[in-house]
Engineer: 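Pasting a structure here, questions to come.
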There are 2 protein chains.
Amino acid sequence: MTESRPTIETVAARAGVGRGTASRVVNGSSQVSPAARAAVLKAIDELGYVPNRAARNLVTRRTDCVALVISEPGDRLFSEPYFAGIVRGISSAMAQTQLQLWLSMVSSSAERERTGRFLTREHVDGVLMLSQHADDPLPAQVRARGLPLVLCGQPLASDPDAGEMPFVDADNATGGRQAAQYLRDLGRRRIACVAGPQDMAAGVARLEGFREVVGDELVEYGDFSEESGAKAMVALLDREPGLDAVFAASDPMAFGAMRVLKAAGRRIPEDVAVVGFDGSPGGRHSDPPLTSVFQPTEEMGREMTRLLLAQLAGDQPVEAQVIVETRLEIRGSA
Amino acid sequence: MTESRPTIETVAARAGVGRGTASRVVNGSSQVSPAARAAVLKAIDELGYVPNRAARNLVTRRTDCVALVISEPGDRLFSEPYFAGIVRGISSAMAQTQLQLWLSMVSSSAERERTGRFLTREHVDGVLMLSQHADDPLPAQVRARGLPLVLCGQPLASDPDAGEMPFVDADNATGGRQAAQYLRDLGRRRIACVAGPQDMAAGVARLEGFREVVGDELVEYGDFSEESGAKAMVALLDREPGLDAVFAASDPMAFGAMRVLKAAGRRIPEDVAVVGFDGSPGGRHSDPPLTSVFQPTEEMGREMTRLLLAQLAGDQPVEAQVIVETRLEIRGSA
DNA sequence: ACTCCATCTGGGAGCGCTCCCAAGAGCATC
DNA sequence: GATGCTCTTGGGAGCGCTCCCAGATGGAGT
């Protein structure tokens, strides 16, 4: 405890140079003679010098800190592999950086308010946000403060500033198309759809892709949850007992639909083929294992990080939107 | 951009007091007259003053920042609801605080090294660690630097400094007992166990509880993964084709075991009852839904935070170990 | 030998805050 | 009216860093 950590002054003294030169070496300026640089690096190594972040931030007025806001009500939070994969991707991309990742999970409006108050230049350099709902005020708030921001999931076209929000999303429309086309190629003729909520871009786009191939005769809507999937399936069976395939716009809804189908005596996939959306690992344990449109969550996380870093570097008006590919993962249910 | 954020000097000037008094109000010192306090609070409110964290940290030599290190190799990382629940608990408890939560996910040794270098007083005030493996060097490293630390999961008794590491864990032994007792109460007679790895405290304790009730005639070991569960189940069936119940020390292992059992023509739960450990939501979609020992992950996260805050406050030599209760969640597989 | 420029260097200033000391104010006691 | 106490206050000092300016150095050009 007696010996405190070395400061840059200590390093400079030991290297026999001035504070300025030592600082230049630490920050990788090119305006330093090779001899001076070598001496400073040697001193740093010997002393085990680590720059004091607070002091640096005080003068540079940056924080080297990026917020990851996961804004989702209640239980769904994080329980879905969707979030897990994205967080993993972000974290691994961030690990290549000087940046710290500050985590905030928002599930109540009190937490939302507190987080909103925190998201200022004072505290973070930029914000990554996993937010599903169109009515979340946080993105606009962050945007208004001029903080760099990247969303996960395309904002709805109806959103006033949807056009200028940088985001990363899966190619939901193509995913929906892939599912529908696959079912069609299997020779299925009465193909139904349990669509997602139409106040979310993902819900809209997945249905749109499906509709392009199959049409929208047999569509019921859910909210991505298992329960809503079950309920929609009941309605679909009621409308068309002879249906021979279902595309559900999320894996949980697919699980709910399968439960209802089995209870109604349908064999999967013989009588009714089922395709989900997410490609979640949980689909491997269902009975039968769930065929599903896989979205590369980890890659999405990495892309989000990349977009944010580009904004922070501030070179060019960077590309604002990244769409990553989906692919059909075929298991047992179709 | 022209108008910069107000400093405490601005606040003091506006309130007609000195900088010191303003600072005292901001930091809640009692040594301030009511009149002065009111004036300062008014000024703060009018100016929208927010203290500059970097400047404060520079002088207080604290960071108001806590690291959450999730140290787990490869894919399992975060994909299990186990992690998700704990993170949620930590995050919600931390939201009550001034503290920031810095997230680091460690899956390669390079990342481990980088994180280790970062975990100093310079950067964080304390560390929360979700680490499963006995040979992880990070806890000892953090401990050696005198940083407050709370682990999730009891260190192995063989670990040199296991005794002094504060931790939170589920009552794994009781959980194992609950599962075994339940199977026994169902009238099962040939009860097998797919145990976890014996280099992890959770693996040891769950088996120990099971063994107390059933004995250890029929035990095979896995590593908590689905594949290992399947392999162990094959071995068990080979040793005792007449077994009528299985306790698996993790849900993924239970899924693997169920797959093998079904392939071997056993009906679940009629021929063989299966109980898992985790109580993961995924168990609801398996066929049949998995009966499992539930561990209250969210509560564990909250407890970890509580222990760390107590250490940071540094009042008393705080209680170092918290064991939370498990409970059997009965679904369809047993 | 002189100027001129490019390159490199040292160190003053100051970021916004808390700590702490000395001094002022108010009051009771001698 | 002087003394001693407590409560409150203002502001100097300094945390460790980067920014920036002025000066030193050295080689090229005249």
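Reminder, nothing fancy here: chain letters follow the sequence lines and each chain counts from 1.
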Engineer: Could you give the distance from CG (B:Asn52) to CD (A:Glu122), rounded to the nearest 0.5 Å?
Structural biologist: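 The CD atom of A:Glu122 is 5.0 Å from CG of B:Asn52, to the nearest 0.5 Å.
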Engineer: Could you tell me which residues satisfy side-chain hydrogen bond (donor to acceptor under 3.5 Å, both in side chains) with A:Asn57, sequence neighbours excluded, listed by chain and number?
Structural biologist: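 Applying side-chain hydrogen bond (donor to acceptor under 3.5 Å, both in side chains) to A:Asn57 gives none.
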Engineer: Compute the angle between the rotation axes at the two ends of the helix from C:dA1-D:dT30 to C:dC30-D:dG1, each taken over five pairs, rounded to 10 degrees.
Structural biologist: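 The angle, to the nearest 10 degrees, is 60°.
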Engineer: Strictly below 4.0 Å: does A:Thr21 bring a side-chain N or O up to OP1 or OP2 of C:dG10?
Structural biologist: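 True: A:Thr21 side-chain N/O within range (under 4.0 Å) of C:dG10 OP1/OP2.
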Engineer: C:dT7 phosphate, OP1 or OP2: any side-chain N/O from A:Gln31 under 4.0 angstrom?
Structural biologist: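 Checking C:dT7 against A:Gln31, no side-chain N or O comes under 4.0 Å of OP1 or OP2.
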Engineer: I'd like to know if the side chain of B:Ser71 pairs up with that of B:Arg112 as donor and acceptor (distance under 3.5 Å, no hydrogens or angles considered).
Structural biologist: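 Judged by distance alone, the side chains do pair up.
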Engineer: Encode nucleotides 17-22 of chain D as B, S and - characters from 5' to 3', where the letter depends on protein heavy atoms closer than 4.0 Å: B to the base, S only to sugar-phosphate, - to neither.
Structural biologist: BB-B--
Engineer: Going by salt bridge (Lys or Arg N to Asp or Glu O under 4.0 Å), name the pairs with one or both residues in residues 17-40 of chain B, residues two or more places apart or in two chains.
Structural biologist: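 Output for this query lists B:Glu9-B:Arg19.
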Engineer: Under the rule for side-chain hydrogen bond (donor to acceptor under 3.5 Å, both in side chains), what residues qualify as partners of A:Asp125, not counting sequence neighbours?
Structural biologist: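 Once residues adjacent in sequence are excluded, the partners of A:Asp125 under the side-chain hydrogen bond (donor to acceptor under 3.5 Å, both in side chains) criterion are A:Thr63.
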Engineer: Give the rounded distance in Å between these two atoms: CD of A:Glu122 and C1' of C:dC15.
Structural biologist: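 Those two atoms, CD and C1', are 12 Å apart.
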Engineer: Check the distance between C:dG16's P and A:Arg121's CZ and give it to me in whole angstrom.
Structural biologist: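 That distance rounds to 15 Å.
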Engineer: Tell me: CZ of B:Arg61 to P of D:dG14, nearest whole Å?
Structural biologist: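 Taking CZ of B:Arg61 and P of D:dG14, I get 14 Å after rounding.
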Engineer: Out of the candidates B:Leu130, B:Leu309, B:Leu151, B:Val322, only one should pair with B:Met304 under the side chain to side chain contact (heavy atoms under 4.5 Å, CB included) rule; please name it.
Structural biologist: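 Testing each of B:Leu130, B:Leu309, B:Leu151, B:Val322 against B:Met304, the sole residue satisfying side chain to side chain contact (heavy atoms under 4.5 Å, CB included) is B:Leu130.
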Engineer: How about A:Val66 and A:Thr97: do any of their side-chain heavy atoms sit closer than 4.5 Å?
Structural biologist: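 With C-beta onward as the side chain, the pair stays apart.
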Engineer: How would you list, by chain and number, every residue that makes a side-chain hydrogen bond (donor to acceptor under 3.5 Å, both in side chains) with B:Arg306, sequence neighbours excluded?
Structural biologist: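 With neighbours one apart ignored, the set is B:Glu303.
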Engineer: Let me know the distance between CZ of A:Arg62 and C1' of C:dC15, rounded to the nearest Å.
Structural biologist: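 Nearest whole value for this atom pair: 14 Å.
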Engineer: Categorize A:Ala54 for me: base, sugar-phosphate, or nothing, with a 4.0 angstrom heavy-atom threshold over every strand shown.
Structural biologist: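 The residue A:Ala54 makes no contact with any strand.
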